[in-house]
Structure formats: structure tokens, C-alpha cells
Amino acid sequence: LGIAAMEFRQLLAASPAGGTVYVATGSSLSIASGRLSYAFGFQGPCISYDTACSAALSACHGAFRALQLGECVSSVVAGVSLMLAPATGASFAIAGMTSACGRSHTFDARADGFARGEGVGAFVQQHALTNDLDSVAIRGSAIRQDGRSASLTAPNGQAQRALLIAARNDAEVDEGSEVLIEAHGTGTPLGDPIETSSLGEAMLKCRDPMASPLSLGGVKAGLGHAEPAAGMTGLLALAMC
């Protein structure tokens, strides 16, 4: 499960249930995934991932590896984000991260920050290959951190390029064979140019000029930035394509 915010704990603590045991079991991030396993009777790996905007994608990566290692025969991957308290959004605005006009203008000259969004989504991963039209094959996965960059929240183009190449290698996909990229695309004047440059270096450098065009998608332009659930919205949008 990809999950990050602790706003529900604040609301719960201020409610009539604030002095009960349910504050602990109703607001812990570990219990959020544990409750799903409890309700459905799942006994495999059960992990809540808080890696901020990449939380749902980190959860997907963890589930993918668990399947490869035989730790489970199928998995449920989910991401969730709700905006329950204004303080979080206010802090993002003060930091200059959100859009003054309230839109994520992904890869647009008007980009001035991201618009926050809510979302919850889930899908099932399993080994079995089927002809079901609702199934999408995940060929490979990779996960990385920016390491040292201009600031704590600034992206690192070199690290992004390494990540893209690692994902391609893990999936055993030929260079230049990609047809669609679902980008992070927050709509910020700092992040978007670095991301497009990284994509160009990693995906276009060895691409045959006569090959099919490489399409670039950014679901945040339509749904906003769902933060810990953002990767889930991107994955589901990619699957629908």
C-alpha cells in the first residue's frame, strides 16, 4: 500500500474517539495495509510504503519482487490519498510548490506548480498469463533515489536517466522500442524540464528516426497530483492506454 499523510490521525484525535484505543489502530500507516490483510485474510508480505509521491510505485515494485521471489502467488497493490486538513496544502503553497492558478500544466509554458488531487486505486498482480483483455503485463521494474541534488526536493537528471535504463534492462526491452511514457509531470518549471531531458537522453538517443513516435503522457494535467497515490493513477492511465 502506498500511503503517506497523517491528517486522519489529527481528525480522529479531535473527535469523541480521541481518547480510545481506536486512535492507534485507526490512524497508523502500518495498520492501513494490515487492516486490508485482516479483512481479506491475506497472509503474504504486508507493507505500507511512504516514499512521498512515489509511494504507490514503490508498493508496486515491492509486490513485483515478492512475486518473483515466490513470497506470494498474487498480490494486491493500492495507493490512497485524501485531503482532510488545510494545513498541508497551505504549507505546500507557502513553499511555492503548488500552482497559483490551481492547475497542473504538465509540460506547458504556463507551468507554475502542481494542483493537489485525491485518489484511491488498486490492482491485482499475479504470475498467471491470461488472454483476459483487462490484464496488462508488467515486464520489469526498477527503483532509485535522487541522492545529492540542488536541494532535498530537487530532482537529479543523472539519477533519473539511470533509473530509466535500469527499468528497461530489467524488463529486457530493446532500446528504442518504447511507444508510450507516463511521466511524473508535476507541472513545475523545475521538475518538468529535468524529466523531459532525462527521458530524451535515456529513450531517444539510440532511437531509430524512422521508428514510431514516442508518446508522452501526464495524467496529473487532468486529475491533479494525488501525491502517494499519484503513481497508481499513472499506472492505471497507462494500462487503459
Side-chain angles (χ1 to χ4, degrees), residues 1-5 29 32-33 35-37 39-40 42 44-68 72 74-83 103-108 114-144 160 163-164 167-168 170-171 173 177-187 191-192 195-196 199 203 214-241:
L1 174 66
I3 186 171
L29 297 187
S33 56
R35 188 180 297 279
L36 294 173
S37 292
F40 289 104
F42 300 151
C46 176
I47 306 171
S48 294
Y49 288 81
D50 177 5
T51 57
C53 307
S54 62
L57 292 177
S58 297
C60 179
H61 177 81
F64 184 72
R65 289 289 185 252
L67 283 168
Q68 287 183 321
C72 54
S74 63
S75 63
V76 176
V77 183
V80 60
S81 180
L82 295 175
M83 295 183 288
R103 290 294 300 271
S104 292
H105 287 109
T106 303
F107 306 129
D108 192 307
F114 64 85
R116 300 187 72 205
E118 296 182 307
V120 58
F123 62 87
V124 174
Q125 283 193 64
Q126 55 187 14
H127 275 301
L129 297 176
T130 70
N131 294 320
D132 185 352
L133 293 178
D134 292 328
S135 296
V136 176
I138 297 180
R139 296 280 299 274
S141 181
I143 190 168
R144 294 287 189 278
Q160 288 185 3
L163 169 65
L164 292 164
R168 175 200 287 146
D170 191 67
V173 174
S177 63
E178 299 87 1
V179 295
L180 174 62
I181 299 289
E182 172 60 34
H184 187 43
T186 52
D192 283 8
E195 183 175 15
T196 51
L199 287 166
M203 301 298 181
L214 178 62
S215 299
L216 187 62
V219 73
K220 292 179 181 66
L223 301 180
H225 188 353
E227 295 159 11
M232 181 59 62
T233 65
L235 278 172
L236 294 178
L238 195 62
M240 290 173 67
C241 291

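Along the sequence shown, the residues carry numbers beginning at 1.
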Once rounded to the nearest 0.5 Å, what's the spacing between atom [atom1] of [X] and atom [atom2] of [Y]?
X: S54; Y: Y49; atom1: OG; atom2: OH; result: 11.0 Å
X: T51; Y: I143; atom1: OG1; atom2: CD1; result: 6.0 Å
X: L82; Y: I3; atom1: CG; atom2: CD1; result: 8.5 Å
X: M203; Y: L214; atom1: CE; atom2: CG; result: 7.5 Å
X: F107; Y: T196; atom1: CZ; atom2: OG1; result: 6.5 Å
X: L236; Y: M240; atom1: CG; atom2: CE; result: 8.5 Å

Given 3.5 Å as the limit, does a donor-acceptor pair link the side chain of [X] with the main chain of [Y], or not?
X: R65; Y: S141; result: yes
X: S104; Y: A115; result: yes
X: S81; Y: E227; result: no
X: T106; Y: G185; result: yes
X: E195; Y: H184; result: yes
X: E118; Y: M83; result: yes

So which atom in [X] and which in [Y] form the shortest heavy-atom distance, rounded to 0.1 Å?
X: I138; Y: C60; result: CD1-SG, 4.1 Å
X: E178; Y: V173; result: OE2-CG1, 4.3 Å
X: L1; Y: A32; result: CD2-CB, 3.6 Å
X: A55; Y: P228; result: CB-O, 3.7 Å
X: G119; Y: A229; result: O-CB, 3.7 Å

Does R103 CZ have over 12 foreign heavy atoms under 6.0 Å away?
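No - once you tally the heavy atoms of other residues, nucleotides and ligands closer than 6.0 Å, there are 12 at most.
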M232 and V77: side-chain contact (heavy atoms from CB on, under 4.5 Å), yes or no, with the steps?
CA-CA 9 Å; M232 181 59 62; V77 183; 4.0 Å; yes
Under a 3.5 Å threshold, yes or no: a donor from one side chain and an acceptor from the other, between H225 and T186?
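Note: H225 and T186 side chains miss the donor-acceptor criterion.
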Determine, stepwise, if the pair D170 / F64 fulfils side-chain contact (heavy atoms from CB on, under 4.5 Å).
CA-CA 12 Å; D170 191 67; F64 184 72; 4.0 Å; yes
Could you check whether any side-chain heavy atom of L36 comes within less than 4.5 Å of a side-chain heavy atom of V76, counting everything from C-beta outward?
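The answer is no; the side chains never approach within 4.5 Å.
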Could you please spell out the steps behind the side-chain contact (heavy atoms from CB on, under 4.5 Å) verdict for L67 and C72?
CA-CA 6 Å; L67 283 168; C72 54; 4.0 Å; yes
Could you walk me through whether L235 and E182 satisfy the side-chain contact (heavy atoms from CB on, under 4.5 Å) test, starting with their C-alpha distance in whole Å, then the side-chain angles of each, then the deciding distance to 0.1 Å, before giving a yes or no?
CA-CA 8 Å; L235 278 172; E182 172 60 34; over 6 Å; no
